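Here the structure is a predicted model, which means the values were calculated and not measured. Values below: every heavy atom of this structure, side chains too, minus hydrogens, waters and symmetry copies.
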Amino acid sequence: MAIDLGTGSGQAVLRRARQNPKELVIGVDADASAMADSSRKAAANLRRGGLPNVVFLAALADVLPGPLAGRADVVTVALPWGSLLRGLLNADSELLDRITACLRDGGQLEVLLSATERDATTSVRLVDDRDAANLASALEHAGLHVVEWRTADASDVNRLSSGWGRRLGIPERRTVWLYRARPAQAGRRPHAPSCRRRADERASRVSGRGC
C-alpha cells in the first residue's frame, strides 16, 4: 500500500495506481475539494478508466495514523505547503511520528521539498547543500534514518508531483530536494547522514558541498 500525503489534486495517486494496479494507493489531503475530480475519475466504471485500487481521504496530517497505522510500504509527500511544509522543514518530531506510524516494518518515507527566501509560508529556507544537509541531520535527530538526500531531477518531480512542480518550474527554475528515510531503530544514536546522490551531472555539480 502507498499513501500520498498532501496529495493536492490527486493526479500523482491516479498515475501511480495505473502503473501499479495491484497496489492500493491512498491520497490524503485536508482539502477535499482539491481531490474531487480525481476521486470521480477513480470511482468511474472500469471501462471508463476507473481505478478500484484508489482511495481518497480528507484528513489533516495531525490525525494520522488512525486506521492507516502500520499499513503502508511507502508514504510520499510531494511539495507540501502550509503547516505540513513547516513541520517537515522544522523536523517536527510529533508530525514525523504520526507520518511514519503509517509505515509497516521496512516501509519508507519519500519527500520532495522546496523552500526559498521568497516563500511566505515558512521562515526556513532550503536552497543550497548546507541547508539540505542541516535538514537531513535534523530529521535524524527527530528519529528518522535518512537513507538518501539529494537534489531531485525532472523524473523525480514527474513521478511524485501532481503537477505543482511543473507550474513552479522545478527543477529548471527552482531547486527541489528529495529525502528518503525510515524510522530509526530503537536505541539507535542519531548521526549526521552522509550525502548520497545520483551519479549524474547534477550530482557532480553539487558534490562536495554541505557534507
Side-chain angles (χ1 to χ4, degrees), residues 1-88 95-114 121 147-148 152-171 174 176-183:
M1 186 176 82
I3 298 171
D4 188 41
L5 180 60
T7 193
S9 69
Q11 293 176 27
V13 169
L14 299 184
R15 183 169 59 247
R16 183 176 184 121
R18 290 190 189 100
Q19 294 170 349
N20 303 278
K22 294 184 179 180
E23 178 182 54
L24 176 62
V25 187
I26 300 177
V28 181
D29 199 281
D31 185 0
S33 63
M35 304 179 288
D37 185 57
S38 290
S39 180
R40 284 191 292 269
K41 290 179 180 177
N45 187 284
L46 286 175
R47 290 172 298 193
R48 296 185 177 181
L51 294 164
N53 59 325
V54 166
V55 174
F56 286 100
L57 174 65
L60 294 168
D62 59 10
V63 304
L64 295 175
L68 302 177
R71 304 293 298 275
D73 298 292
V74 61
V75 174
T76 59
V77 187
L79 301 174
W81 62 284
S83 60
L84 182 55
L85 174 60
R86 289 192 295 272
L88 290 169
L95 173 65
L96 292 170
D97 285 347
R98 288 185 178 278
I99 294 173
T100 56
C102 297
L103 294 170
R104 66 169 181 77
D105 289 344
Q108 181 171 266
L109 173 65
E110 191 169 15
V111 183
L112 280 180
L113 291 175
S114 179
T121 57
V147 177
E148 178 185 28
D153 58 28
S155 66
D156 298 313
V157 177
N158 291 337
R159 178 172 57 87
L160 295 172
S161 174
S162 287
W164 182 237
R166 290 188 294 275
R167 291 194 292 273
L168 289 175
I170 292 173
R174 181 182 176 120
V176 64
W177 299 86
L178 175 70
Y179 291 84
R180 289 193 177 98
R182 297 188 178 96

Does some side-chain heavy atom of [Y] sit less than 4.5 Å from a side-chain heavy atom of [X]?
| X | Y | value |
| --- | --- | --- |
| Leu96 | Leu88 | yes |
| Leu5 | Arg98 | no |
| Lys22 | Asn53 | no |
| Leu57 | Leu68 | yes |
| Glu110 | Leu178 | yes |
| Val25 | Asn20 | no |
| Leu113 | Pro80 | yes |
| Leu95 | Leu84 | yes |

Neighbour count above 12 (heavy atom, 6.0 Å) for Arg180 CZ: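 Atom CZ in Arg180 is crowded, with more than 12 foreign heavy atoms closer than 6.0 Å.
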Heavy atoms from other residues, nucleotides or ligands near CG of Asp105 exceed 12 (cutoff 6.0 Å): no
Mind checking the [atom1]-[atom2] spacing from [X] to [Y]? Nearest 0.5 Å is all I need.
| X | Y | atom1 | atom2 | answer |
| --- | --- | --- | --- | --- |
| Leu79 | Arg174 | CG | CZ | 8.0 Å |
| Leu24 | Leu51 | CG | CG | 11.5 Å |
| Arg48 | Lys41 | CZ | NZ | 14.5 Å |

Donor-acceptor pair, side chain of [X] and main chain of [Y], under 3.5 angstrom:
| X | Y | value |
| --- | --- | --- |
| Asp73 | Met1 | yes |
| Arg15 | Asn158 | yes |
| Asp4 | Gly27 | no |
| Ser38 | Ser9 | yes |

Full working for side-chain contact (heavy atoms from CB on, under 4.5 Å) between Phe56 and Leu14: CA-CA 10 Å; Phe56 286 100; Leu14 299 184; 4.2 Å; yes
Check against side-chain contact (heavy atoms from CB on, under 4.5 Å), Thr100 and Val75: CA-CA 8 Å; Thr100 56; Val75 174; over 6 Å; no
Shortest non-hydrogen contact from [X] to [Y]?
| X | Y | value |
| --- | --- | --- |
| Asp29 | Gly8 | OD2-N, 2.8 Å |
| Asp156 | Leu112 | O-CD1, 4.0 Å |
| Val28 | Ala59 | CG1-O, 3.7 Å |

